[in-house]
Amino acid sequence: MEANPHVAAAYHRQMRGLEVVRWVGGSTVVLRQDIALNYEAPFLFLLLGADRALLLDTGATADPARFGLRDAVDELIGTDTELIVSHSHAHGDHVAADGQFVDRPHTTTVGHTAEQVAAFFGVDAWPTGSGAVDLGGRVLTVLPIPGHHPASIAIHDPATSLLLTGDTVYPGRLYVRDFPAFLASLDRLCDFADTHPVEQILGAHIEMSTTPFRDFPLGSVRHPAEQTLAMTVAQLHEIRDAARSVADSPGAHRFADFAIWNGPSRGALAWQLVRRALRR
Ligand SMILES: [Zn+2]
């Protein structure tokens, strides 16, 4: 895409509690919360169109003195640009800084329930249908993908061939609350990715190391030799196939590039805490 005139500073940089990780073309910013501030270290995305920008997720920390998300966004797009604040899903590590945008002019924050998300993006049928949002010369497709959370969505951007998948597809521990819904969402995502341009699938966390099957234990505040965020359509299919294979097996299941937690697993959780304590 062409560089967006609203964008002030197109370079990698650190801000207060977050980092501009990279740019995709001239109009998409990949941001990440500093892992020292919160071990979840979620990724956030800022997509710019000719008329407005969309921020996907607001991170895990509310306090603007430690996590300067609003200032970073204003610096990147300018204070006069219309902004939509939306969420991959409404867990606390993705909505914490919503409050920083309450008094921002020209700003709409999408609600946290599936009903509110569907209404905002005009999703015709939840979860099997789709919605859209026009940023001005850049129309994003919004796909409901419940399973991790009832209001989970994926966003597809045909301009960059990015598919943003939140906590449903990423190189880490995929925590599943509603397994039938999760599996159906993965089926729909695979169908979509097979029939639309998708070059990179970007989720919201990295918990895998570069060593296959090896994740960083829950709560780790250092991620040496971290896997890259971007996943491929082939890996999406692997996740779907893996999910099918463990659909009837509650508990944590490890795979080379990800893990699937089918419902809560006290044993697996305890082992995570032991591993973190032992730093392994
Ligand atoms: Zn998360």
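FYI, side chains are in, hydrogens and waters are out, and symmetry mates aren't considered; it's all heavy atoms of this structure. Just follow the structure's listing: the first ligand is 1, and inside any ligand the first atom is 1.
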OD2 (Asp167) to the Zn ion (ligand 1) to NE2 (His94) angle, given to the nearest 10 degrees
100°
Do any N/O/S atoms of His91 come under 2.8 Å of the Zn ion (ligand 1)?
no
Please determine whether residues Val95 and Ile84 belong to a single hydrophobic cluster, defined as Ile, Leu, Val, Met, Phe, Trp and Tyr linked transitively by side-chain heavy-atom distances below 4.5 Å.
no
Side-chain heavy atoms under 4.5 angstrom apart, residues restricted to Ile, Leu, Val, Met, Phe, Trp, Tyr: same cluster for Phe43 and Val142?
yes
Sidechain N-carboxylate O distance under 4.0 Å for Asp74, Arg104:
yes
For Asp248, look at atom CG and say whether over 12 heavy atoms of other residues, nucleotides or ligands are found less than 6.0 Å away.
no
Restricting to N/O/S, name the atom of Asp93 that gets closest to the Zn ion (ligand 1).
OD2
